[in-house]
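Since the structure comes first, as structure tokens, the remarks are kept for the end.
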2 protein chains.
Amino acid sequence: MPRYHEELRITSRTPDAIAARLEELILDGVFRPGQLLPSERRLSERLQVSRASLREGLRTLRSKGVIETRQGRGSVVASLVATPLDSPLMHLFRDHPRTLFDLLEVRSLLEGESASLAASRGTASDRVLITRRYQEMVDYAEGAETIDAERLARLDHGFHLAICQASHNPVLVHTLQSLTDLLLSSVFASVKNLYHRPRSREMINRQHARLYRAVVEGKPELARRAALEHLSSIGEQLGEIEAEEQRLERSAMRLEGW
Amino acid sequence: MPRYHEELRITSRTPDAIAARLEELILDGVFRPGQLLPSERRLSERLQVSRASLREGLRTLRSKGVIETRQGRGSVVASLVATPLDSPLMHLFRDHPRTLFDLLEVRSLLEGESASLAASRGTASDRVLITRRYQEMVDYAEGAETIDAERLARLDHGFHLAICQASHNPVLVHTLQSLTDLLLSSVFASVKNLYHRPRSREMINRQHARLYRAVVEGKPELARRAALEHLSSIGEQLGEIEAEEQRLERSAMRLEGW
DNA sequence: AACTAACGACTGGTCTGACCAGCAAACCAG
DNA sequence: CTGGTTTGCTGGTCAGACCAGTCGTTAGTT
């Protein structure tokens with residue numbers, strides 16, 4: 001029996017409407033890159049269409065590269081941009097550490113805007129997600145007796161990502177994401193060190209708390225300032241660590257008779 | 001009962017194999033542009049696959065623009081002249097104009113920062129280069145009797161790029177560059193229209209002049225504001241043009257008896 | 001207790017046969 | 001000849017079935 005579910009019929013053919021609807025959901029952040037979509041059976045039931053039509057809709061998304069599907073597993077939202085590990089910038093970073101600060105400069109700008117938008121545009125469910133990420137991070141930072149820097153870094157990243165996604169600007173999410181990837185892949189070692197220094201960790205915790213409060217309480221300008229200060233202080237810490245490493249390296253070089 | 005027609009199973013999933021096979025037939029000239037394909041029932045029988053799979057295959061071709069289908073008529077091979085360049089999230093831009101504003105939002109932020117940095121950090125030689133680009137652009141805009149929109153767009157872009165480079169932040173240059181590419185490749189037609197509208201062109205000229213002066217005179221905040229206003233006004237203009245095009249498209253659809 | 005093999009409950013992939021909706025040519029009454 | 005109706009095609013959609021990977025759990029073995 002053909003259905004007349006208005007929402008999916010108005011625009012055009014059913015499968016095209018399905019594809020458009022799913023794309024919207026992705027843009028709205030309901031389905032996020034890397035996330036597993038509901039199963040075909042569930043989706044077709046939810047959208048009130050047959051699985052055949054649903055599948056045709058999914059197929060157009062697949063051919064556009066928006067989702068990836070594997071039998072037995074499901075469909076996941078593809079990351080909007082494949083970050084080429086060998087990007088033109090990577091070389092700059094290896095050869096010229098000063099670009100690290102250039103990177104942080106741009107990131108500050110984007111993180112600040114992102115926090116501000118999250119505070120002003122964030123929905124209730126965004127705040128729930130942000131809170132969850134924040135709690136996970138705090139729980140681990142305070143609960144664990146031995147801290148795995150890599151894991152903490154991941155939780156930290158998750159927290160910032162949640163805030164960014166609450167900005168409801170996919171372009172912003174994407175841009176910030178790729179810059180973060182760049183940062184992590186170039187100075188990951190230093191970032192790890194950051195979490196090993198008790199003084200740095202304390203400061204980071206305080207800044208996270210301020211940022212978190214500003215965002216969930218919907219105070220854009222406060223959120224922006226908190227993000228900016230957070231980033232700039234991280235920049236300083238990273239600078240110290242880099243300098244330290246260079247001193248170590250140079251003394252090692254002297255030891256080796258250079 | 002599932003079939004095991006070797007020819008269509010070896011490579012991959014059935015519908016993909018179908019799409020590939022049909023593309024081959026088109027390339028071989030068996031089906032020519034403009035020609036009506038056999039009906040779905042006939043094709044599915046001929047290729048020994050179910051109509052559902054055949055339809056998924058056809059849908060892939062449709063989303064690639066290889067065929068066009070109308071209910072009650074059939075599917076015809078599209079003239080395969082224009083091969084549009086494909087990007088993962090290009091489709092999102094075409095199908096969801098709202099992301100255009102997300103893009104402009106981020107670009108404004110970066111252009112503003114870029115202008116501000118250029119004003120505060122720019123060296124004498126930076127100012128020389130910026131001035132040169134600005135002059136080239138103004139000379140062409142005022143001197144030529146017939147204006148080539150594409151050339152003007154290139155000069156415009158060169159001006160903004162010179163400013164961005166004066167910020168002395170390679171990361172900023174790179175990020176802004178990639179966003180600009182994205183913008184141009186998604187709405188290039190609209191951008192061109194921008195230069196064809198006398199009112200828009202005048203406004204752009206005035207804004208360029210203000211931005212230029214602020215930068216070379218070393219006034220960061222003024223430069224940022226000029227850039228922001230420039231971008232936001234361009235956003236408005238693009239919005240108008242897009243809306244106009246949609247109106248044209250819709251009336252064309254009515255003409256065709258949709 | 002630790003490993004492994006088998007099970008079961010998912011997932012997507014495919015098939016079938018049915019009915020609806022649009023189109024066009026054949027047909028028939030005026 | 002003209003205009004409306006019938007008829008048989010087309011794609012569009014649906015429900016329900018079964019096949020085929022995947023993964024967590026559980027029962028059996030070592």
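Because the structure is a prediction, the values reported are computed rather than measured. Heavy atoms only: backbone and side chains are in, while hydrogens, waters and symmetry mates are out. All chains are named by letter (A, B, ...) in the order of the sequence lines, taking the proteins before the strands, and each is independently numbered beginning at 1.
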In Å and rounded to the nearest 0.5 Å, what is the CG to CD1 distance from A/Leu211 to A/Ile204? 12.5 Å
With sequence neighbours left out, write down each residue that passes side chain to side chain contact (heavy atoms under 4.5 Å, CB included) with A/Glu136, or none if nothing qualifies. A/Arg132, A/Arg133, A/Leu155
Using whole Å, what does the distance between atom [atom2] of nucleotide [N] and atom [atom1] of [X] come to?
{"X": "A/Leu37", "N": "C/dC10", "atom1": "CG", "atom2": "C1'", "result": "16 Å"}
{"X": "B/Leu43", "N": "D/dG12", "atom1": "CG", "atom2": "C1'", "result": "16 Å"}
{"X": "B/Glu68", "N": "D/dG11", "atom1": "CD", "atom2": "P", "result": "15 Å"}
{"X": "B/Leu58", "N": "D/dT13", "atom1": "CG", "atom2": "P", "result": "13 Å"}
{"X": "B/Glu56", "N": "C/dC15", "atom1": "CD", "atom2": "C1'", "result": "12 Å"}
{"X": "B/Arg42", "N": "D/dC9", "atom1": "CZ", "atom2": "P", "result": "9 Å"}
{"X": "B/Leu36", "N": "C/dC23", "atom1": "CG", "atom2": "C1'", "result": "12 Å"}
{"X": "A/Glu45", "N": "C/dT11", "atom1": "CD", "atom2": "P", "result": "11 Å"}

Within the structure, does a side-chain N or O atom of [X] lie under 4.0 Å from either OP1 or OP2 of [N]?
{"X": "A/Thr69", "N": "C/dG12", "result": "no"}
{"X": "A/Arg41", "N": "C/dT11", "result": "no"}
{"X": "A/Thr14", "N": "D/dT13", "result": "yes"}
{"X": "B/Ser53", "N": "C/dC15", "result": "yes"}

Tell me which nucleotide among [options] gets nearest to the side chain of [X].
{"X": "B/Gln71", "options": "C/dT14, C/dG12, D/dG12", "answer": "D/dG12"}
{"X": "B/Arg62", "options": "D/dG12, C/dG13, C/dC15", "answer": "D/dG12"}
{"X": "B/Arg73", "options": "C/dA24, D/dC14, C/dG13", "answer": "C/dA24"}

Describe the nucleic acid contact of A/Arg55 in one word from base, sugar-phosphate, nothing, applying a heavy-atom distance below 4.0 Å. base
Base, sugar-phosphate, or nothing for A/Arg59, non-hydrogen atoms under 4.0 angstrom? nothing
Side-chain donor/acceptor of A/Arg51 to base of D/dG16, under 3.5 Å: no
Does the side-chain contact (heavy atoms from CB on, under 4.5 Å) test come out yes or no for A/Leu110 and B/Leu110, once each step is laid out? CA-CA 8 Å; A/Leu110 296 176; B/Leu110 296 175; 4.2 Å; yes
Across all chains, not counting sequence neighbours, the ring pair (Phe, Tyr, Trp, His ring centres under 6.0 Å) partners of A/Tyr134 are A/Phe159, A/Tyr212
Output, in order, the C-alpha distance, side-chain angles, deciding distance and verdict of side-chain contact (heavy atoms from CB on, under 4.5 Å) for B/Arg59 and A/Asp16. CA-CA 10 Å; B/Arg59 181 155 289 273; A/Asp16 295 315; 2.9 Å; yes
